[in-house]
Amino acid sequence: MCFVKNLDASLKIPLNQLVTPFSLEHTLRCGQSFRWRKLGDWWCGVVDEKIVKIRQIADKLWFQTFPEEMDADFVKNYFRLDDNLPHILSQISRDEHIRRAIQRFSGLRIIRQQPWECLISYICATYKNIPAIKEMILNLSKQFGTKITFDDYDFYTFPKPTDLANSDIEDLRKCKLGFRAKRVLKTSRIMHKEELDLEAFRKTDYEHARNELLSLPGVGPKVADCILLFSLDKLKAFPVDVWMKRIILKYYSRHFEPLFIEKIRNKRSLTPREYREISLFGQRYFGPYAGYAQEYLFHYERHQPK
DNA sequence: TGGCTG
DNA sequence: GCCAG
């Protein structure tokens with residue numbers, strides 16, 4: 001077990017669970033990111049060009065990065081430890097359903113992902129489940145990224161825009177992207193030409209950033225909201241997928257017209273108008289941190305026995 | 001509103 | 001879940 005070296009080789013981040021509640025496990029298992037796997041006691045992921053190896057023991061976080069050594073601020077930034085979670089949770093704590101989810105998954109945080117990787121990941125996520133998405137992202141990284149070996153395991157960095165922009169559509173298809181290949185290629189070319197500055201959207205408002213994202217091939221309302229929430233600091237974004245629809249039908253139907261509920265009940269996907277109505281409800285009902293509410297409800301419902 | 005890669 | 005028709 002040479003992989004599990006002793007903790008002395010790691011940096012420590014003490015967490016005061018009262019002020020900074022955090023659960024690494026819930027945060028990495030809730031399906032927002034596709035790049036982490038658990039090896040022994042450690043979670044391992046690729047962030048930027050670094051391998052990050054991290055574990056939590058009670059109120060302490062231990063981590064190492066490779067090849068570049070990163071400090072605690074890097075980890076704090078990635079896991080949004082700067083969010084005032086107690087305050088956020090008190091804000092979204094609107095009813096018994098969300099309170100149950102918060103209790104069950106306390107410490108779950110939204111991750112601050114890299115916008116470019118997040119963009120491509122959620123274009124790929126269209127009409128796919130989480131394991132399939134993880135596989136696509138891994139395939140893309142193996143094919144177009146850079147291999148880094150750490151603790152006897154191989155990791156691959158996520159390809160740069162130029163790598164995908166200059167790729168052959170057939171090679172993208174081989175990564176099991178299917179009809180998403182064309183969308184990924186087109187969007188990569190736009191990003192490669194730097195026609196859109198994703199990072200800049202961190203500072204602009206939600207509406208503006210969203211409209212810009214919607215201009216990209218493969219980015220509709222749901223994908224845009226995921227990118228805004230998971231990588232662009234737009235915590236009011238309220239992505240609506242099949243799970244969120246189920247949650248609305250199960251717990252929140254009384255907030256909608258009966259006719260509306262009937263319409264969405266039996267069909268597979270929402271029209272843009274229906275999407276908008278549910279998403280706006282989420283933002284109105286849960287407030288400026290609606291995205292956090294969405295994550296807690298989503299993760300909670302996915303763990304409910306059918 | 002249906003078709004889409006496997 | 002997005003996009004073409």
Side-chain angles (χ1 to χ4, degrees), chain A residues 30-34 113 115-144 159 164 167-191 195-196 198 206-207 209-232 234 237-249 259-283 290-291 294-295 297-299 301-302:
Chain A
C30 77
Q32 57 181 320
S33 160
F34 309 106
Q113 298 183 223
W116 155 249
E117 179 176 331
C118 191
L119 167 66
I120 298 302
S121 299
Y122 279 93
I123 289 177
C124 290
T126 297
Y127 210 70
K128 282 280 182 194
N129 56 32
I130 292 171
I133 303 163
K134 285 188 173 174
E135 199 190 334
M136 286 187 276
I137 302 305
L138 181 60
N139 289 341
L140 281 178
S141 303
K142 275 186 180 167
Q143 173 107 44
F144 302 103
L164 296 186
S167 70
D168 186 336
I169 185 94
E170 287 310 317
D171 291 330
L172 289 177
R173 286 224 162 80
K174 280 180 200 149
C175 295
K176 310 260 192 84
L177 263 62
F179 62 80
R180 299 160 202 79
K182 208 179 283 177
R183 300 170 181 182
V184 166
L185 185 58
K186 281 187 183 169
T187 288
S188 297
R189 286 183 175 155
I190 292 170
M191 297 312 299
E195 289 170 18
L196 223 55
L198 292 183
Y206 168 81
E207 304 294 342
R210 192 170 193 273
N211 285 334
E212 296 290 318
L213 288 174
L214 287 174
S215 71
L216 294 168
V219 180
K222 154 67 164 62
V223 172
D225 281 332
C226 286
I227 300 164
L228 291 161
L229 177 60
F230 300 131
S231 75
L232 296 174
K234 303 297 182 267
F238 194 84
V240 182
D241 66 349
V242 287
W243 286 97
M244 205 55 230
K245 196 184 87 173
R246 277 175 213 164
I247 290 162
I248 294 293
L249 293 173
L259 221 63
F260 178 81
I261 293 299
E262 240 5 84
K263 264 201 317 198
I264 66 170
R265 189 181 299 277
N266 283 320
K267 47 183 205 171
R268 48 204 197 304
S269 65
L270 301 167
T271 66
R273 198 169 144 267
E274 290 162 344
Y275 180 95
R276 192 160 173 279
E277 179 153 357
I278 297 177
S279 189
L280 284 179
F281 158 75
Q283 297 183 182
Q294 196 271 2
E295 274 314 278
L297 288 170
F298 175 85
H299 196 40
E301 196 60 20
R302 277 173 46 89

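Quick note on labels: first sequence line is chain A, next is B, and so on, each numbered from 1. Predicted, not measured: the structure shown is a model, and the values here were computed from it.
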Value in whole Å for how far the P atom of C/dC2 lies from CG of A/L270
10 Å

Given atom CG of A/D241 and atom C1' of C/dC2, what is their separation to the nearest angstrom?
15 Å

Hits for side chain to side chain contact (heavy atoms under 4.5 Å, CB included) against A/K245, two or more places apart or cross-chain, chain-then-number order -> A/L249, A/I264, A/L270

Pairing residues for A/N266 by the side chain to side chain contact (heavy atoms under 4.5 Å, CB included) criterion, not counting sequence neighbours:
none

Got a sec? Which of residues 129-140 of chain A come in under 4.0 Å of DNA chain B, heavy atoms?
none

I need the residues from residues 272-280 of chain A with at least one non-hydrogen atom less than 4.0 Å from DNA chain B; give them sorted by number, or say none.
none

Which pairs, protein N/O on one side and nucleotides 3-6 of chain B N/O on the other, fall under 3.5 Å?
from  : atom 1 : to     : atom 2 : distance (Å)
B/dC4 : N4     : A/Y127 : OH     : 3.2
B/dT5 : O4'    : A/F179 : N      : 3.4
B/dT5 : O2     : A/R180 : NH1    : 3.4

Could you list the residues that satisfy salt bridge (charged side-chain N to carboxylate O under 4.0 Å, His left out) with [X], not counting sequence neighbours?
X      : answer
A/K134 : none
A/R265 : A/E262
A/R246 : none
A/R183 : none

How would you list all residue pairs meeting ring pair (Phe, Tyr, Trp, His ring centres under 6.0 Å) that involve residues 119-140 of chain A, not counting sequence neighbours?
A/F34-A/Y122, A/Y122-A/F230

Base, sugar-phosphate alone, or nothing: which one does A/L214 contact when heavy atoms must sit under 4.0 Å apart?
nothing

Please tell me if the side chains of A/F238 and A/M244 come closer than 4.5 Å, counting only heavy atoms from C-beta onward.
yes

Residues in side-chain hydrogen bond (donor to acceptor under 3.5 Å, both in side chains) with A/K222, at least two apart?
none

Set of side-chain hydrogen bond (donor to acceptor under 3.5 Å, both in side chains) partners for A/E274, sequence neighbours left out:
A/K267, A/T271

